[in-house]
Chemist: 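Can you keep this structure in mind? I'll have questions shortly.
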Protein chains: 2
Amino acid sequence: MPRSTQTDLAVLAALSIQPMTGYALRDAIRLHLGGFWSESFGQIYPALARLRDEGLVAAGEGERSGSSLHSLTPSGRARLVELMREPPTSSPPRNGMLLRLFFGSVLGAAACRELVADARAQAVAMLEALAVARRETEAEPTDLPQRPYWLMTISAGEHSARAAIAWADETLESLATLPG
Amino acid sequence: MPRSTQTDLAVLAALSIQPMTGYALRDAIRLHLGGFWSESFGQIYPALARLRDEGLVAAGEGERSGSSLHSLTPSGRARLVELMREPPTSSPPRNGMLLRLFFGSVLGAAACRELVADARAQAVAMLEALAVARRETEAEPTDLPQRPYWLMTISAGEHSARAAIAWADETLESLATLPG
DNA sequence: TCCGTCATGTAAATGGTTACATGATTCG
DNA sequence: CGAATCATGTAACCATTTACATGACGGA
């Protein structure tokens, strides 16, 4: 049984918004953190079991039989604050698109154009998804304490996506001048 | 023994530039691909051994006793092209800074300001490193086939870093208006 | 001679995904 | 009833880092 503080942090943090089942937890992470985080069932369920054993989350009765609503206990909240204070660790980068482009002379300019065009399309799709998220978040009551923070992470995605689009346009122009 | 096509791709691609020892391979990846790729010794050496067994790389005598210069064989180059053509897979995102910021109301505005300021400083450092890389790459002979591709990946880093700085400045302003 | 760097490798632990097995509930 | 979705969990596999062990070579 792995004891990933990364997963613990995400799970405890999500439960700090509201009690959830493991299933809903994964949906919530995909929906709200999808741009910069991910967890799979294979991580979430063992983590919940462990956090339950440690008394950091409490499992109440869910609406369906067999399902359990997990909520933060006081010591769970304390642990959450503790984990939040740890310096963020960034996973080592692995960008397959840029790796291929760096060795683009092996692949040829045409294939590289496709690579960059795909990346551009992904960034455009991301920007559209973020526009929806922004509208929904701006519709939240202004006194919701999470609201300004949610908007900041949305803005991070927007900046990143716009930069990706600008880079792709510039790069597609450069690639157009290359043979192959 | 893992058979990571990701690592194979990076190793074969790097050897396509010039023959190297495993040690030099890791240095080259850190220096030239550091912004978007990483490999550790624990990946590189087993990968080289396997690629040697498969006849994709040949091990010649290195300058020192016991060291071996690895170079691409013809079938190694074929395999490289094959791997390059596969669609790039992006590793699931895990941005610890944005995760903490999303749940910033748990942490408080002051700690969040620190988080964002650190991210800004990192982006500035990245931009400086990229300026050096750009100067060095622009000094390469213009008929070097890799040159335009190297400049494109450098530009990707520059766009991304500038976007991170702009976002950080905007976000630090927002955070300044928040209590705590 | 001793230290730093070059160099190769292995073992253990960790982190994570994927696929699978199982069953309840809801809705058409 | 049958299909889709909600829900929990496990097992196998894959990927990756870290720490360690070992030793050659060059220069102060």
Side-chain angles (χ1 to χ4, degrees), chain A residues 1-11 14-15 19-31 33-34 36-53 57 59-70 83 86 88-96 99, chain B residues 1-11 14-15 19-31 33-34 37-53 57 59-70 83 88-96 99:
Chain A
M1 61 191 75
R3 52 138 196 88
S4 159
T5 58
Q6 301 270 307
T7 297
D8 284 6
L9 172 55
V11 166
L15 292 180
M20 275 179 271
T21 65
Y23 191 89
L25 208 40
R26 197 244 201 154
D27 277 357
I29 289 173
R30 274 222 285 224
L31 181 61
L33 316 180
F36 52 87
W37 204 265
S38 81
E39 296 289 348
S40 62
F41 285 139
Q43 291 279 107
I44 287 175
Y45 283 113
L48 279 176
R50 190 166 28 73
L51 293 169
R52 227 154 41 208
D53 288 348
V57 314
E61 280 293 296
E63 294 188 357
R64 288 153 171 259
S65 91
S67 81
S68 42
L69 254 194
H70 296 88
L83 289 175
E86 286 184 5
T89 64
S90 48
S91 52
R94 281 217 154 174
N95 187 322
L99 181 74
Chain B
M1 59 192 75
R3 52 138 195 88
S4 159
T5 59
Q6 301 270 309
T7 297
D8 284 7
L9 172 56
V11 165
L15 292 180
M20 275 179 272
T21 65
Y23 190 88
L25 207 40
R26 197 245 201 154
D27 277 358
I29 288 173
R30 273 221 286 222
L31 181 60
L33 316 180
W37 204 265
S38 81
E39 295 290 347
S40 63
F41 286 138
Q43 291 279 105
I44 288 175
Y45 283 113
L48 279 175
R50 189 167 27 75
L51 293 169
R52 227 155 41 207
D53 289 348
V57 313
E61 280 291 296
E63 295 187 353
R64 288 154 170 257
S65 88
S67 82
S68 42
L69 254 194
H70 296 89
L83 289 175
T89 63
S90 49
S91 54
R94 281 215 155 175
N95 187 323
L99 180 73

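All chains are named by letter (A, B, ...) in the order of the sequence lines, taking the proteins before the strands, and each is independently numbered beginning at 1.
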Chemist: Respond yes when some side-chain nitrogen or oxygen of A:Ser38 is under 4.0 Å from OP1 or OP2 of C:dT17, and no when none is.
Modeler: yes
Chemist: Rounded to the nearest Å, what distance is computed from the CD1 atom of residue B:Ile44 to the P atom of nucleotide C:dC6?
Modeler: 15 Å
Chemist: Can you check side chain to side chain contact (heavy atoms under 4.5 Å, CB included) on A:Thr7 and B:Arg94, steps first, answer last?
Modeler: CA-CA 10 Å; A:Thr7 297; B:Arg94 281 215 155 175; 3.5 Å; yes
Chemist: What is the separation between atom CG on B:Leu51 and atom C1' on C:dG9, rounded to the nearest whole Å?
Modeler: 16 Å
Chemist: Holding to side-chain contact (heavy atoms from CB on, under 4.5 Å), I want the full list of residues that pass it with B:Leu33, two or more places apart in sequence or in another chain.
Modeler: A:Leu99, A:Phe102, A:Phe103, B:Ile29, B:Phe36, B:Trp37
Chemist: Just the rounded figure in Å: distance from C1' of D:dT16 to CG of B:Asp8.
Modeler: 14 Å
Chemist: Looking only at heavy atoms, what is the nearest atom pair of A:Ala14 and A:Met20, with distance?
Modeler: O-CE, 3.3 Å
Chemist: On DNA chain C, nearest-nucleotide positions of A:Glu39 versus B:Asp27: which is more 5'?
Modeler: B:Asp27
Chemist: What's the OH-C1' distance between B:Tyr45 and D:dT16, to the nearest Å?
Modeler: 17 Å
Chemist: Taking protein heavy atoms under 4.0 Å as touching, what does nucleotides 18-28 of chain C look like 5' to 3' if B marks base contact, S marks sugar-phosphate-only contact and - marks none?
Modeler: B-----BS---
Chemist: The helix from C:dT1-D:dA28 to C:dG28-D:dC1: angle between its terminal axes, five pairs each, to 10°?
Modeler: 20°
Chemist: Quick one: list whatever passes side-chain contact (heavy atoms from CB on, under 4.5 Å) with A:Asp8, sequence neighbours left out.
Modeler: A:Ala47, A:Arg50, A:Leu51, A:Leu83
Chemist: Taking OP1 and OP2 of C:dT8, is either one under 4.0 Å from a side-chain nitrogen or oxygen of B:Ser68?
Modeler: yes
Chemist: Taking only N and O in the side chain of A:Tyr23, is any of them less than 4.0 Å away from OP1 or OP2 of D:dC6?
Modeler: yes
Chemist: Test A:Leu15 against A:Val11 for side chain to side chain contact (heavy atoms under 4.5 Å, CB included), laying out the working first.
Modeler: CA-CA 6 Å; A:Leu15 292 180; A:Val11 166; 4.1 Å; yes
Chemist: Specify the separation, in whole Å, of atom CD of B:Glu61 and atom C1' of C:dT8.
Modeler: 14 Å
Chemist: Taking only the side-chain nitrogens and oxygens of A:Thr21, find out if one of them lies under 4.0 Å from OP1 or OP2 of D:dC6.
Modeler: no
Chemist: So what does B:Arg94 hit on the nucleic acid, given a heavy-atom distance under 4.0 Å: a base, only sugar-phosphate, or nothing?
Modeler: sugar-phosphate
Chemist: Sequence neighbours excluded, which residues qualify as side-chain contact (heavy atoms from CB on, under 4.5 Å) partners of A:Tyr45?
Modeler: A:Tyr23, A:Phe41
Chemist: What residues form a salt bridge (charged side-chain N to carboxylate O under 4.0 Å, His left out) with A:Arg26, not counting sequence neighbours?
Modeler: none
Chemist: With sequence neighbours excluded, tell me which residues meet side-chain hydrogen bond (donor to acceptor under 3.5 Å, both in side chains) with A:Thr89.
Modeler: A:Gln6
Chemist: Calculate the interatomic distance between A:Trp37 atom CH2 and C:dG15 atom P; express it in whole Å.
Modeler: 12 Å
Chemist: Take the protein atom CG of A:Leu25 and the nucleotide atom C1' of D:dC6, then report the distance between them rounded to whole Å.
Modeler: 14 Å
Chemist: Residues two or more places apart in sequence or in another chain: which of them pass side-chain hydrogen bond (donor to acceptor under 3.5 Å, both in side chains) with B:Arg52?
Modeler: B:His70
Chemist: Nearest whole Å is fine: how far is D:dT8 P from A:Arg50 CZ?
Modeler: 17 Å
Chemist: Counting side-chain heavy atoms from CB outward, which of D:dA15, D:dT5, C:dT8 is closest to B:Ser4?
Modeler: D:dA15
Chemist: In the structure I gave you, are the side-chain heavy atoms of B:Leu48 and B:Ile44 within less than 4.5 Å of one another anywhere?
Modeler: yes
